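Notes follow once the structure below has been shown.
Order of the sequence lines fixes the chain letters, A, B, ..., with proteins taken first and strands second; residue numbering starts at 1 for each chain. None of the values given here were measured: they were computed from a predicted structure.
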Protein chains: 2
Amino acid sequence: MIPSSETVGSTGPGRPRDPGVNRAILKAALRQLAEDGYSRMSMDAVASEAGVTKPTVYRRWSSKADLATAALAELQGAEPIPSTGSAPSDLKTILAALQKTLFRPNGMAIIGAVMVEERHTPELITLFRERVVHPRRLLLREVLESAEAGGALRAGADLDAAVNMLIGSFYAHYLTGDKMPRTWARRIVDTVWKGIAKPGRHRRATRR
Amino acid sequence: MIPSSETVGSTGPGRPRDPGVNRAILKAALRQLAEDGYSRMSMDAVASEAGVTKPTVYRRWSSKADLATAALAELQGAEPIPSTGSAPSDLKTILAALQKTLFRPNGMAIIGAVMVEERHTPELITLFRERVVHPRRLLLREVLESAEAGGALRAGADLDAAVNMLIGSFYAHYLTGDKMPRTWARRIVDTVWKGIAKPGRHRRATRR
DNA sequence: GTATAATTACTATACCGTATCGTAAAGGAA
DNA sequence: TTCCTTTACGATACGGTATAGTAATTATAC
């Protein structure tokens with residue numbers, strides 16, 4: 001497996017590799033994977049978009065699957081946010097960021113791409129889960145666990161259900177084809193929060 | 001556009017069409033579309049799987065996109081259920097049926113297939129939305145609207161948010177790669193219900 | 001000069017859509 | 001009943017395009 005970043009400096013005889021080539025290739029690969037899916041992504045087109053030739057690509061990645069996997073490994077799922085002490089507020093911030101990501105060009109398309117490829121190139125969805133799905137969920141779950149530990153949640157509140165509904169509502173909305181309201185994150189958090197918060201504790205949800 | 005079902009009886013001179021050929025082709029096309037995606041589905045493979053030759057397929061559908069569209073048009077989103085008078089109960093029944101559908105082989109894969117193809121063959125996701133997405137949502141929404149009209153929901157309960165969370169939680173769960181508990185529908189409905197029901201009205205949710 | 005990168009050209013294969021030929025099957029006319 | 005016309009079907013082949021991956025040659029950096 002070729003390192004995803006170019007090697008640092010010259011390490012031996014012969015022509016050194018251009019430092020920007022790996023990045024350009026990975027960028028092109030990720031874009032095409034997201035927009036066109038794995039099957040339609042082509043090594044010719046990736047090379048062309050990256051401004052190199054195909055053998056140049058093959059010198060770094062042994063196959064199409066290898067390159068697609070490396071491109072996906074460049075993805076980052078989510079960035080931690082500073083805690084405000086208010087769980088609903090933090091959830092909204094996280095989901096607002098998610099909304100931005102998903103509704104950027106190709107934000108949702110990558111999901112379709114890894115899903116459709118699950119049977120043929122399963123390493124793609126595996127990587128996507130590691131890099132994107134689980135980090136996102138972890139962020140949300142941490143907020144909820146803190147709220148729970150702080151006594152803000154009703155007994156038996158189902159955190160898994162909550163996390164999946166928070167994230168999944170965006171997917172479901174996307175599938176409707178309707179325009180996503182800017183208020184969507186707030187609406188979702190408000191509804192979920194009412195379902196899991198301790199009764200009588202709606203506006204003042206402290207985390208630990 | 002060729003009718004999706006074979007014509008009824010003989011309508012003119014010449015050899016009549018085999019009544020099972022259309023069905024076999026559509027079945028094969030839908031399976032391949034779901035499992036392999038549109039790009040990887042091939043007319044050669046569909047014809048072969050259906051036990052016919054390519055010209056036979058082309059006699060009925062003018063192009064690959066045409067066939068894929070027709071295959072998708074065979075999909076049905078959801079079947080109405082008899083109302084029990086209890087909204088949570090009805091929601092659970094609907095979602096349990098959805099769970100069965102999604103977690104059947106290829107249940108989720110078709111979603112990935114239409115998503116990844118959105119830019120290239122948008123008629124696929126358009127049809128999927130008409131045939132599957134909107135009917136499913138309508139079923140859930142109707143239950144919720146009845147409950148609202150019956151006074152079971154809190155003022156300002158966000159039905160759109162609820163519907164998207166109910167459905168979307170399955171998608172999000174699928175993306176985790178975890179095994180889906182049999183209790184998932186119940187857990188989701190319970191959590192959503194607590195978020196939208198009139199306070200103090202948790203177990204006795206009457207519809208109109 | 002040496003080793004590696006990059007370029008150009010190539011092979012093998014798959015696929016879409018179409019054309020052709022021979023046979024099958026139905027209805028209608030003689 | 002036989003023959004003719006029409007349409008369907010299987011089998012095969014074809015043209016054109018696209019693509020993964022590779023070989024041979026030229027260029028470049030140290």
Side-chain angles (χ1 to χ4, degrees), chain A residues 1-3 5-25 28-29 32-33 35-71 117 120-121 123-124, chain B residues 1-3 5-26 28-29 32-33 35-71 117 120-121 124:
Chain A
M1 175 60 164
I2 314 289
S5 305
E6 66 269 17
T7 55
V8 180
S10 314
T11 56
R15 181 179 173 175
R17 284 180 171 176
D18 186 322
V21 165
N22 281 35
R23 277 195 304 269
I25 294 170
Q32 286 191 33
L33 184 57
E35 282 199 19
D36 302 319
Y38 178 81
S39 191
R40 219 188 228 107
M41 159 183 146
S42 85
M43 300 301 269
D44 266 311
V46 168
S48 181
E49 182 172 332
V52 300
T53 60
K54 247 192 331 187
T56 303
V57 178
Y58 278 102
R59 258 195 296 283
R60 291 161 169 76
W61 293 283
S62 62
S63 66
K64 183 177 172 178
D66 199 21
L67 174 59
T69 302
E117 208 55 37
H120 291 268
T121 323
E123 54 266 33
L124 296 182
Chain B
M1 174 63 158
I2 314 292
S5 305
E6 67 269 19
T7 55
V8 181
S10 312
T11 58
R15 181 178 172 176
R17 284 185 166 168
D18 186 322
V21 164
N22 281 36
R23 279 195 303 269
I25 294 171
L26 288 171
Q32 285 192 32
L33 183 57
E35 284 197 19
D36 303 319
Y38 177 80
S39 191
R40 222 191 227 108
M41 157 181 147
S42 87
M43 300 301 270
D44 271 308
V46 168
S48 181
E49 182 172 330
V52 302
T53 59
K54 249 192 331 185
T56 302
V57 177
Y58 278 103
R59 261 197 293 278
R60 290 162 170 75
W61 294 283
S62 62
S63 66
K64 184 177 170 179
D66 199 18
L67 175 59
T69 302
E117 206 57 35
H120 292 269
T121 323
L124 296 182

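- Counting to the nearest Å, the P atom of C:dA6 and the CG atom of A:Asp18 are 6 Å from each other.
- At a threshold of 4.5 Å between non-hydrogen side-chain atoms, the residues A:Asn22 and A:Trp61 count as touching.
- In this structure, of C:dA6, C:dG17, D:dC9, it is C:dG17 that holds the atom nearest to the side chain of B:Ser63.
- For the pair B:Asp44 CG and D:dT17 P, the interatomic distance rounds to 18 Å; values are reported in whole Å.
- A salt bridge between B:Arg40 and B:Glu35 is absent, with no side-chain N of the basic residue lying under 4.0 Å from a carboxylate O of the acidic one.
- At whole-Å resolution of the value, CE in A:Met41 and P in D:dT19 are 12 Å apart.
- Atom CD of A:Glu49 is separated from atom P of D:dT19 by 14 Å (rounded to the nearest Å).
- D:dA20 atom C1' lies 13 Å from atom CZ of B:Arg40, rounded to whole Å.
- Between the side chain of B:Gln32 and the backbone N or O of B:Ala45 there is at least one donor-acceptor pair closer than 3.5 Å.
- Atom CZ in B:Arg15 sits about 18 Å away from atom P in C:dG28, given to the nearest Å.
- A donor-acceptor contact under 3.5 Å is not formed by the side chain of B:Lys64 with the base of C:dG17.
- Side-chain nitrogen and oxygen atoms of B:Thr56 include at least one within less than 4.0 Å of the OP1 or OP2 phosphate oxygen of D:dG10.
- Nearest heavy-atom pair across B:Val21 and B:Val52 is CG1-CG1, 4.1 Å.
- A donor N or O paired with an acceptor N or O is found under 3.5 Å between the base of C:dA6 and the side-chain atoms of A:Arg59.
- For the pair A:Pro55 and A:Ala45, nearest-nucleotide mapping onto DNA chain D gives the more 5' position to A:Ala45.
- Defining each end axis of the helix from C:dG1-D:dC30 to C:dA30-D:dT1 as the rotation carrying four pairs' C1' atoms onto the next four, with five pairs an end, the two axes are found to diverge by 0° to 10 degrees.
- Pairing each heavy atom of B:Ala68 with each of B:Met41, the nearest pair is CB-CE, 4.1 Å.
- Side-chain proximity of B:Pro16 to D:dC9, C:dA26, D:dT22: nearest is C:dA26.
- At the phosphate of D:dA8, OP1 or OP2 sits under 4.0 Å from a side-chain N or O atom of B:Arg17.
- The heavy-atom pair separating A:Ala47 from A:Thr53 by the smallest distance is CB-C, 3.7 Å.
- Counting any heavy atom pair closer than 4.0 Å across all strands shown, B:Gly51 reaches sugar-phosphate atoms only and no base atom.
- If you take CG of A:Asn22 and P of C:dA5, they are 11 Å apart, rounded to a whole angstrom.
- When the nucleotides D:dG10, C:dC16, D:dA11 are ranked by their closest atom to the side chain of B:Val52, D:dG10 comes out on top.
- Comparing D:dT22, D:dG10, C:dT4 by their closest approach to the side chain of B:Thr53 singles out D:dG10.
- Atoms OH (B:Tyr38) and C1' (C:dC16) sit 10 Å apart, rounded to a whole Å.
- Comparing B:Gly14 and B:Ser42 along DNA chain C, the residue whose closest nucleotide (by nearest heavy atom) sits nearer the 5' end is B:Ser42.
- A:Ser39 approaches B:Ser39 most closely through the heavy-atom pair OG-OG, 3.7 Å.
- Contact detail for B:Thr121 and B:Tyr38: the closest heavy-atom pair is OG1-CE2, 3.5 Å.
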